[in-house]
2 protein chains.
Amino acid sequence: MDIPRYRKIQNMLKSKIQQGSYGVGDHLPSENQLCSIFNITRTTARKALEELQKEGFIERIKGKGSIVRERRKSLGLLNVKGFSEAVGRNVSTIFLQEPALRPWITGFPFPLTDSERQSPCIHFERLRTVGEDPVMLENNWFSGKTLPGFLQSGFEEDSFFKTLSKKYMIEIKGSEQELKALPANEKVSRLLKVKPSGPVLQISIRFTTCNPEFFIYSELICNTMKYPIGNRYFL
Amino acid sequence: MDIPRYRKIQNMLKSKIQQGSYGVGDHLPSENQLCSIFNITRTTARKALEELQKEGFIERIKGKGSIVRERRKSLGLLNVKGFSEAVGRNVSTIFLQEPALRPWITGFPFPLTDSERQSPCIHFERLRTVGEDPVMLENNWFSGKTLPGFLQSGFEEDSFFKTLSKKYMIEIKGSEQELKALPANEKVSRLLKVKPSGPVLQISIRFTTCNPEFFIYSELICNTMKYPIGNRYFL
DNA sequence: TAGTGGTCTAGACCACCCT
DNA sequence: GGGTGGTCTAGACCACTAA
């Protein structure tokens with residue numbers, strides 16, 4: 001395998017947290033316990049836990065241990081992950097435009113690379129709802145050359161990011177975001193059930209991936225009145 | 001000293017970047033060079049560089065080196081830092097309410113601890129401008145018991161966070177944020193020169209510090225039309 | 001081929017927390 | 001006092017980059 005050992009352990013612990021095997025406030029195995037369980041050194045065990053801390057799943061306290069954090073109810077952790085990892089369960093998604101080859105839009109706040117400009121992009125548009133409430137209008141664009149067969153096959157587990165990871169081995173490495181409060185235009189107002197010119201939050205994101213020439217561009221327009229956007233950061 | 005060696009090196013490199021000794025695209029010393037310069041092992045050198053990467057100052061590329069990143073023009077890196085570290089130089093600050101003991105406000109999205117509720121808080125309000133443009137209305141609250149003498153003495157280098165660090169040894173360890181697009185009320189509209197009910201971005205933040213019982217609560221209201229809020233995140 | 005960052009081992013000492 | 005995470009040493013092998 002070329003997946004590092006710390007990442008396997010990190011992913012295993014993450015699934016256990018997401019599935020509820022570890023609840024909020026629970027202690028994960030300590031560094032030394034991980035060492036003996038997996039036959040690794042503390043450096044490797046630490047790395048797995050540090051990554052989980054960076055992702056916001058746990059808090060690490062000297063003398064105490066690694067403790068599962070409370071996940072706030074807001075549309076959280078927009079930093080890197082997609083929608084479904086962020087909120088609870090009663091989330092649904094409607095495709096307004098199915099994935100297809102389309103020209104790049106202009107006016108996006110991040111510059112495209114030369115190689116991206118040379119050919120059209122794959123684009124799709126989705127409306128995300130929580131219960132009965134439409135909450136977010138989401139557009140995604142990326143170079144059409146990098147993901148062969150993307151238009152033919154569907155999403156894995158309805159998740160764009162899981163599809164990238166499982167089918168194309170593309171992992172998100174980071175993101176740049178730009179936040180703007182805007183008045184809703186007619187379309188946004190209708191779809192998100194905001195009154196005309198009512199305030200909506202526009203989040204423009206450029207995701208960087210393990211392929212240094214492949215970026216994903218997203219624009220999220222959010223009705224934050226009922227579901228504010230949550231966000232955590234650790235040093 | 002109780003400041004770890006990797007942090008000293010990290011801070012030294014950070015100052016050099018901020019002062020321009022290392023420009024965008026320049027290579028920082030490699031891990032091995034740092035080892036021999038400072039007589040440390042690679043673990044320590046790596047830690048210093050990894051922290052700079054987390055803060056968004058450098059990018060680390062296998063086979064190439066640690067390269068100073070471009071800083072975007074938007075009000076960047078709101079994740080953890082204050083205002084002055086984010087934008088360029090022509091930033092000014094007006095106190096609308098000087099620091100004083102005041103009762104806690106209600107309706108803040110983060111719950112206060114019992115110990116915080118028991119006594120009034122220190123609060124101040126500032127208006128931040130870039131050039132001629134008022135850009136952000138900032139309110140800060142924190143427990144009045146933890147920072148003796150705060151009301152008597154001024155800010156170091158006009159920076160709240162530097163004052164915390166230098167006078168009280170309080171370092172920011174992380175933050176939780178909540179983002180909302182709101183219509184401007186009369187006061188905000190007047191101060192930020194937004195039309196009445198025009199959209200503004202409200203960022204509510206709870207900063208966690210090295211003192212686990214001391215939090216700083218901030219509310220930023222931003223006119224994002226001309227200066228969007230920028231944000232970076234790395235895994 | 002030499003240099004870079006990424007991963008990993010096998011130890012060590014420390015401050016801090018809890019009992 | 002025993003366990004936890006935080007820091008650090010002194011090595012090693014690897015994949016990747018650039019000359």
Side-chain angles (χ1 to χ4, degrees), chain A residues 1-13 22 25-54 57-69 169 171 173-174 208-214 234-235, chain B residues 1-13 22 25-54 57-69 169 171 173-174 208-214 234-235:
Chain A
M1 317 274 187
D2 47 352
I3 298 178
R5 312 175 74 164
Y6 77 83
R7 190 160 293 276
K8 290 182 196 166
I9 296 166
Q10 171 196 349
N11 288 336
M12 188 221 78
L13 292 171
Y22 293 111
D26 285 358
H27 286 244
L28 257 47
S30 74
E31 295 178 0
N32 286 316
Q33 284 171 336
L34 289 176
C35 291
S36 46
I37 293 172
F38 295 102
N39 232 347
I40 53 177
T41 54
R42 261 191 75 202
T43 313
T44 308
R46 277 185 69 77
K47 182 79 176 166
L49 293 171
E50 279 167 355
E51 293 293 309
L52 287 171
Q53 183 179 31
K54 271 206 258 180
F57 287 98
I58 61 171
E59 192 174 1
R60 280 156 67 66
I61 302 175
K62 197 196 300 194
K64 287 189 178 172
S66 298
I67 298 162
V68 176
R69 289 191 61 125
M169 314 287 262
E171 301 289 342
K173 293 200 79 171
T208 53
T209 69
C210 55
N211 176 344
E213 289 171 13
F214 182 66
F234 308 94
L235 277 189
Chain B
M1 316 275 188
D2 48 353
I3 298 178
R5 311 176 75 165
Y6 77 83
R7 190 160 293 276
K8 291 183 196 165
I9 294 166
Q10 170 196 352
N11 288 336
M12 188 221 80
L13 292 170
Y22 293 112
D26 285 358
H27 286 245
L28 257 47
S30 74
E31 296 178 358
N32 285 317
Q33 285 170 334
L34 289 176
C35 291
S36 47
I37 294 173
F38 294 103
N39 230 349
I40 53 178
T41 54
R42 258 191 77 201
T43 313
T44 309
R46 275 185 71 76
K47 182 77 175 167
L49 293 171
E50 278 168 355
E51 292 293 309
L52 287 172
Q53 183 180 30
K54 271 205 258 181
F57 286 97
I58 62 171
E59 193 174 0
R60 279 155 67 67
I61 302 175
K62 197 197 300 195
K64 287 191 179 173
S66 298
I67 297 161
V68 176
R69 287 192 62 123
M169 314 288 263
E171 302 288 342
K173 293 200 78 172
T208 53
T209 69
C210 55
N211 176 345
E213 291 172 14
F214 182 66
F234 307 94
L235 278 187

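A quick note: this is a predicted structure, and the numbers were derived from the prediction, not measured. Proteins come first, then strands; the chains are lettered A, B, ... in the order of their sequence lines, and each starts at number 1.
Neither OP1 nor OP2 of C/dT7 sits under 4.0 Å from any side-chain N or O of A/Arg7. OP1 or OP2 of D/dT7 has at least one side-chain nitrogen or oxygen of B/Tyr6 nearer than 4.0 Å. For A/Arg42 and C/dG11, the shortest distance from a side-chain N or O to OP1 or OP2 is not below 4.0 Å. Here B/Ser30 does not reach the OP1 or OP2 of C/dG3: none of its side-chain N or O atoms lies under 4.0 Å away. Regarding contacts with the backbone of D/dT7, every side-chain N or O of B/Thr43 stays at 4.0 angstrom or more from both OP1 and OP2.
A/Asn11 contributes atom CG, which lies 7.5 Å from atom CD1 of A/Ile3 (distance to the nearest 0.5 angstrom).
The distance between atom CD1 of A/Ile67 and atom C1' of D/dG5, rounded to the nearest whole Å, is 11 Å. Straight-line distance from the CD atom of A/Glu213 to the P atom of D/dT17: 10 Å, rounded to whole Å. Atom P of nucleotide D/dT17 and atom NE2 of B/His27 are separated by 13 Å, given to the nearest angstrom. Going from atom CD of B/Glu50 over to atom P of C/dG6 covers 7 Å, rounded to whole Å. Following rounding to the nearest Å, B/Lys47 (NZ) and D/dT9 (C1') show an atom-to-atom distance of 16 Å. Distance B/Ile3 CD1 to C/dC14 C1': 17 Å, rounded to the nearest Å. Rounded to whole Å, atom P of C/dC8 lies 13 Å from atom CG of A/Asn39. Distance CD (A/Glu51) to P (C/dC8): 11 Å, rounded to an integer number of Å.
Side-chain contact between B/Phe38 and B/Met12 is present, with heavy atoms from C-beta onward closer than 4.5 Å. With contacts defined as side-chain heavy-atom distances shorter than 4.5 Å, the pair B/Cys35/B/Thr44 does not qualify. Between B/Ile58 and B/Leu13, every side-chain heavy-atom pair lies at or beyond the 4.5 Å cut-off.
The closest donor-acceptor contact from the side chain of A/Thr209 to the backbone of A/Phe214 lies under 3.5 Å.
Distances from the side chain of B/Asn32 to the nucleotides C/dC8, D/dG5, C/dT4 place C/dT4 closest. Side-chain proximity of A/Pro4 to D/dT9, C/dT7, C/dG5: nearest is C/dT7.
Within 4.0 Å (heavy atoms only), B/Arg46 reaches at least one base atom of the nucleic acid. Residue A/Ile61 is in sugar-phosphate contact alone, with no base atom involved, counting any heavy-atom pair closer than 4.0 Å across all strands shown. Counting any heavy atom pair closer than 4.0 Å across all strands shown, A/Thr41 reaches a base atom. Counting any heavy atom pair closer than 4.0 Å across all strands shown, A/Ile40 reaches sugar-phosphate atoms only and no base atom.
When each of B/Pro29 and A/Lys64 is assigned the nucleotide of DNA chain C with its nearest heavy atom, B/Pro29 is the one assigned upstream, toward the 5' end.
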